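Below is one structure; the comments refer to it alone.
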Amino acid sequence: MIRNGTIEIGDAIVQVSGEGIPLVFVHGFTTTAEFWREQVETFSARHRIVRINLPGHGPSRHPRDRSYTIEAFVEDVLRVYRALEIDVSILVGLSMGGTVAQSFTLTYPELVRALVLVGATPHGLGADVNVNNVLKAIDDLGVAVASQNVIERSFGSAAGSWLIEFAKNEVAQTPAFVAREAIASLNASDSRPRLQEIRVPTLVVVGDEDIITPPSESQALAEGILNSQLEIVTNAGHFPMLEQPDAFNLLLGAFLTRQEIELQHTSASTHARQNV
């Protein structure tokens, strides 16, 4: 088994730490695995933390002879599961990563024990991020500036300038051809007809100041997924896990504890039936 450290799996750079039930994190459009940095210390004591830099993002490779679509990213995540010998995990997705996580869960339900969707939507993008405007901005300003402009609108009012600068530096790493294909695929994605097929326990989290994927989008997810709960983080924009990490980690920790209790209850019930 591959142990802890930074690992290249296919075209993705993956950061692994901790031991226990895998907690797999997938970032959003032009962001990186570093957007989950506030969760590593808190959860690595009881979980194997797997943070994926999707191909074309952050330090990962960006070959031109491959796709950068939601469907391709789902297969990249599967490749990580296979390489790390992950039989089942709790899958956490941010924004575009939430779309990837929904599709992964629908395609490979046996690999997902529970699902966490952060600043995500069931269909495309929030109204503030029009795909045509993003593509035009990439053409007119260059992908780095275009992505950084989106970042400046992504944080809530409580975010410090240092945090915004960190995020701007991270998103500047994604090449234009990757961003163009990814944003077009994200815009076209639509899980609404299949949300009821997601049967695993699901936590939906959104910042109350999120204008990129507003709370109404998370509400739609929570209403469409039967076994789900919606949590709104106050004083946070599109990145509640970075902007309000303590509040976010409390919500995620409570959700994970409930899954552990349910798993223990199910195991105990199964054992009792086998001994009748």
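In this chain, residues are counted from 1 in sequence order. Everything numeric in this text was worked out from a predicted model, so none of it was measured.
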Side chains of residues 86-101: which donor-acceptor pairs under 3.5 Å do they make with residues two or more places apart or in other chains?
{"residue": "Ser89", "atom": "OG", "partner": "Tyr81", "partner atom": "OH", "Å": "2.4"}
{"residue": "Ser95", "atom": "OG", "partner": "His238", "partner atom": "NE2", "Å": "2.9"}

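For the residue pair Gln148/Glu152, the side-chain donor-acceptor check at 3.5 Å is not satisfied. Residues Ser157 and Glu209 bring a donor and an acceptor atom of their side chains to less than 3.5 Å of each other.
In this structure the side chain of Ile21 never reaches within 4.5 angstrom of the side chain of Leu23, judged on heavy atoms. The shortest distance between side-chain heavy atoms of Asp11 and Pro63 falls below 4.5 Å. Counting only heavy atoms from C-beta outward, the side chains of Pro55 and Arg61 never approach each other to under 4.5 Å. Considering only heavy atoms from C-beta on, Leu256 stays 4.5 Å or farther from Arg46 through its side chain. Under the 4.5 Å side-chain criterion, counting only non-hydrogen atoms from C-beta, Val206 is in contact with Pro215. Taking the side chain as every heavy atom from C-beta outward, Val116 and Leu252 approach each other to under 4.5 Å. Glu223 is not listed as a side-chain neighbour of Leu195, based on a closest heavy-atom distance of 4.5 Å or more. Under the 4.5 Å side-chain criterion, counting only non-hydrogen atoms from C-beta, Arg199 is not in contact with Pro109.
Taking hydrophobic clusters as Ile, Leu, Val, Met, Phe, Trp and Tyr residues chained together by side-chain heavy-atom distances below 4.5 Å, Leu226 does not share a cluster with Leu203. A continuous path of hydrophobic side-chain contacts links Leu163 to Val171 [ILVMFWY only; heavy atoms under 4.5 Å].
In terms of heavy atoms, Pro175 sits closest to Val143 at C-CG1, 4.1 Å. Contact detail for Pro59 and Ile13: the closest heavy-atom pair is O-CG1, 3.7 Å. Closest non-hydrogen pair, His62 versus Phe177, comes out as O-CZ, 3.2 Å. Of all the heavy atoms in Ile9 and Arg79, the pair that sits closest is CG2-O, 3.7 Å. Across all their heavy atoms, Thr234 and Gln244 have their closest contact at O-CG, 3.6 Å. In terms of heavy atoms, Phe248 sits closest to Pro240 at CB-O, 3.8 Å.
How far CD1 of Ile225 is from CD of Gln102: 6.0 Å, rounded to the nearest 0.5 Å. Rounding to the nearest 0.5 Å gives a distance of 9.0 Å between CG of Leu115 and CG of Leu221. With rounding to the nearest 0.5 angstrom, the CG atom of Leu84 is 5.5 Å from the CD1 atom of Ile7. Atom CG of Asp76 sits about 9.0 Å away from atom OG of Ser60, to the nearest 0.5 Å. If you take OG1 on Thr121 and CD1 on Ile212, they are separated by 12.0 Å, rounding to the nearest 0.5 Å. Atom CD1 of residue Ile49 and atom CD of residue Gln39 lie 8.5 Å apart, to the nearest 0.5 angstrom.
Not one N or O on the side chain of Ser185 forms a donor-acceptor pair closer than 3.5 Å with the backbone of Glu181. The main-chain N or O of Ala222 is found under 3.5 Å from a side-chain atom of Ser228 such that the two form a donor-acceptor pair. A donor-acceptor pair under 3.5 Å is formed between the side chain of Glu243 and the backbone N or O of Phe239. A donor-acceptor contact shorter than 3.5 Å links the side chain of His27 to the backbone of Leu54. In this structure, Asn53 contributes its side chain and Thr32 its backbone to no donor-acceptor pair below 3.5 Å. In this structure a side-chain-to-backbone donor-acceptor pair under 3.5 Å is present from Asp208 to Asn235. For Thr213 (side chain) and Gly119 (main-chain N/O), a donor-acceptor pair under 3.5 Å exists by modelled atom type.
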With side chain to side chain contact (heavy atoms under 4.5 Å, CB included) as the test, would you mind laying out the steps for Glu34 and Phe166 before giving the verdict? CA-CA 10 Å; Glu34 285 305 304; Phe166 150 79; 3.9 Å; yes
Apply side chain to side chain contact (heavy atoms under 4.5 Å, CB included) to Leu78 and Arg82, showing your working. CA-CA 6 Å; Leu78 178 64; Arg82 297 302 189 222; 3.8 Å; yes
With salt bridge (charged side-chain N to carboxylate O under 4.0 Å, His left out) as the criterion, how do Arg194 and Glu197 come out once you've worked through the C-alpha distance, each side chain's angles and the decisive distance to 0.1 Å? CA-CA 5 Å; Arg194 300 190 63 193; Glu197 297 176 36; 2.9 Å; yes
Walk me through whether Leu106 and Ile198 qualify under side chain to side chain contact (heavy atoms under 4.5 Å, CB included). CA-CA 6 Å; Leu106 289 166; Ile198 297 177; 3.7 Å; yes
Are Val40 and Ser17 close enough, and set up right, to give a side chain to side chain contact (heavy atoms under 4.5 Å, CB included), and what steps lead you there? CA-CA 8 Å; Val40 175; Ser17 59; 3.6 Å; yes
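In this pair, His57 and Phe29 present their aromatic rings perpendicular. The plane angle is above 60°, beyond the 30 to 60° band. Classification of the Phe104-Tyr108 ring pair by plane angle, with boundaries at 30° and 60°, yields tilted.
When the options Asn149, Asp139, Ile183 are evaluated for a side-chain contact (heavy atoms from CB on, under 4.5 Å) with Val134, the one that passes is Ile183.
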